[in-house]
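As structure tokens, the structure follows; a few thoughts come after it.
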Amino acid sequence: MLDIHWYDWVTPSSPGAALFFGLIFTLAAAVMMRWHMKSWKLFFVAIGVGTFISLVMVGSLRWIFGFYS
């Protein structure tokens with residue numbers, strides 16, 4: 001269903017792969033923020049903002065620009 005390949009972390013070839021790797025990188029950034037700042041609030045803000053941006057960008061690339069067609 002996601003159709004993930006080994007090279008998708010560089011340039012995702014499907015919307016599912018783009019969303020998957022966007023969320024993985026978001027989680028990594030949130031964990032680093034939690035580790036450095038020692039704040040759960042910033043951790044959840046980073047998760048929320050990163051997830052929102054990933055969804056908006058994958059959606060706009062798919063439906064507005066036709067990138068994954």
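Position 1 is the first residue of the sequence, and the numbers go up from there. The figures that follow rest on heavy atoms only: side chains count, while hydrogens, waters and symmetry mates do not. Keep in mind that this is a model prediction, so the values were computed, not measured.
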Taking only residues two or more places apart in sequence or in another chain, which ones pass side-chain hydrogen bond (donor to acceptor under 3.5 Å, both in side chains) with Ser13?
Asp8
Heavy-atom nearest pair, Arg62 first then Pro15, reads CD-CG, 3.6 Å
Linked hydrophobic residues, Trp35 as query - side chain contacts closer than 4.5 Å:
none
Pairs under 3.5 angstrom only: tabulate donor-acceptor contacts from the side chains of residues 40-56 to other protein residues two or more places apart or in another chain.
residue: Thr51; atom: OG1; partner: Ile47; partner atom: O; Å: 2.7
residue: Ser54; atom: OG; partner: Gly50; partner atom: O; Å: 2.9

Let me have the donor-acceptor pairs involving side chains of residues 23-31, under 3.5 Å, with sequence neighbours excluded, atom names and distances please.
residue: Thr26; atom: OG1; partner: Gly22; partner atom: O; Å: 2.8

Linking I/L/V/M/F/W/Y whenever any side-chain heavy atoms sit under 4.5 Å apart, do Trp63 and Met57 land together?
no
Note: Tyr68 and Val58 closest approach over all heavy atoms is CE1-O, 4.5 Å
If you link ILVMFWY side chains whenever their heavy atoms are less than 4.5 Å apart, which other residues fall into the same cluster as Trp6? By chain and number, please.
Tyr7
First locate atom CZ of Phe21, then atom OG1 of Thr11, and finally report the distance between them rounded to the nearest 0.5 Å.
11.5 Å
